[in-house]
Amino acid sequence: MTASTTPLAGRLAGAFRQGPYRLPDGQVLESYFDPYLLAGDPALLRETAAALALLLPDDTEVLAGPALAAVPLVTAVSLHTGLPSAVLRPEPKRYGTSRQTEGAEVVGRRTVLLDDTARSGASLLRSARLLRLFGARVETALSVLDRELGAASLLAGHRIALHSLLHDREGPS
């Protein structure tokens with residue numbers, strides 16, 4: 001595992017769990033990054049938010065992330081920077097507002113997508129496409145961990161730069 005912030009990388013190591021961990025596509029990892037261990041440690045979450053904030057482009061107007069694991073990260077970075085935030089639901093709410101995005105308005109605003117882990121990039125791309133569908137300008141995605149399984153190149157093909165705090169090449173077994 002490599003990181004731009006070595007002391008933080010050491011602290012984030014506590015958020016890794018030994019596998020096996022089954023991915024949604026059925027593949028298995030020997031270890032996995034548990035975003036709930038990160039979110040459950042206020043000091044670590046605060047430190048991670050500060051490190052992620054350093055990766056934000058200067059012209060960022062809104063932070064956004066998919067429900068559920070990214071919500072604490074987005075909220076923490078929002079609190080650290082003062083930037084408004086939005087949360088993406090997997091599908092539109094079935095009652096009330098029927099919205100799929102909650103929180104800050106994204107239309108016409110430079111929105112940075114945050115998530116805990118980047119693997120293939122498929123879920124980040126889905127979120128970016130959804131944000132763009134709702135009118136957001138998405139050119140940057142941030143993750144705590146990039147598993148280096150193709151996310152950066154997939155996103156680059158859609159004009160989205162991926163920046164991560166940690167890099168760990170562990171492919172599925």
Side-chain angles (χ1 to χ4, degrees), residues 1-6 8-9 12 15 23-25 33 35 38-39 45-93 97 99-171:
M1 174 175 40
T2 60
S4 57
T5 313
T6 306
L8 178 58
L12 282 169
L23 296 172
D25 65 5
F33 181 75
L38 167 61
L45 183 58
R46 186 173 23 260
E47 190 177 347
T48 302
L52 286 168
L54 293 174
L55 301 177
L56 289 170
D58 291 338
D59 58 356
T60 301
E61 296 176 282
V62 177
L63 306 169
L68 179 67
V71 173
L73 286 173
V74 171
T75 302
V77 176
S78 176
L79 285 168
H80 182 80
T81 61
L83 290 167
S85 64
V87 174
L88 305 169
R89 294 176 174 275
E91 58 186 51
K93 191 173 178 179
T97 62
R99 292 179 54 109
Q100 195 163 0
T101 61
E102 299 286 356
E105 185 59 59
V106 298
V107 175
R109 298 172 87 182
R110 187 166 309 273
T111 303
V112 173
L113 180 60
L114 283 89
D115 210 348
D116 58 297
T117 306
R119 289 183 204 72
S120 70
S123 64
L124 282 166
L125 183 57
R126 253 190 322 274
S127 293
R129 284 179 169 161
L130 184 61
L131 285 165
R132 285 175 171 173
L133 180 69
F134 291 122
R137 295 173 23 216
V138 182
E139 297 171 359
T140 304
L142 304 181
S143 69
V144 176
L145 173 65
D146 181 355
R147 285 288 193 175
E148 297 186 349
L149 297 172
S153 60
L154 176 68
L155 294 172
H158 294 271
R159 301 176 331 275
I160 301 168
L162 174 64
H163 304 284
S164 303
L165 296 176
L166 304 174
H167 299 268
D168 186 23
R169 174 74 166 115
E170 181 190 338

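Counting only heavy atoms from C-beta outward, the side chains of Val144 and Pro35 never approach each other to under 4.5 Å. A heavy-atom distance below 4.5 Å is found between the side chains of Val62 and Pro84.
Contact record, Asp146 with Leu149: OD1-N, 4.4 Å, taken as the closest heavy-atom pair. Residues Ala69 and Asp116 approach most closely at CB-OD1, 3.7 Å, considering heavy atoms. Considering all non-hydrogen atoms of both residues, Ala70 and Asp115 come closest at CB-OD1, 3.6 Å. Across every non-hydrogen atom of Ala15 and Leu38, the tightest pair is CB-N, 4.2 Å. Scanning both residues, Leu52 and Leu142, for their nearest heavy atoms gives O-CD1, 3.6 Å.
With rounding to the nearest 0.5 angstrom, the CZ atom of Arg126 is 11.5 Å from the CG atom of Leu88. Between Glu148 atom CD and Leu145 atom CG the span is 9.0 Å, to the nearest 0.5 Å. For the atom pair CG (Leu125) and CG (Leu113), the distance works out to 9.5 Å, reported to the nearest 0.5 Å. Atoms CG and CG, from Leu124 and Leu114 in turn, are 9.5 Å apart once rounded to the nearest 0.5 Å. Atoms OG and CZ, on Ser164 and Arg147 in that order, are 12.0 Å from each other to the nearest 0.5 Å. Taken from CZ in Phe33 to CG in Leu166, the straight-line distance is 6.5 Å, to the nearest 0.5 Å.
Among residue pairs with one or both ends in residues 131-144, those qualifying as salt bridge (Lys or Arg N to Asp or Glu O under 4.0 Å) are Arg110-Glu139; sequence neighbours excluded.
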In a table with atom names and distances, give each donor-acceptor pair under 3.5 Å that connects a side chain of residues 71-78 to protein atoms at least two apart or in another chain.
residue : atom : partner : partner atom : Å
Thr75   : OG1  : Val71   : O            : 2.9
Ser78   : OG   : Leu83   : O            : 2.5

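Between the side chains of Thr111 and Arg109, no donor N or O sits under 3.5 Å from an acceptor N or O.
Here Glu102 pairs with Arg89 under the side-chain hydrogen bond (donor to acceptor under 3.5 Å, both in side chains) rule; sequence neighbours left out.
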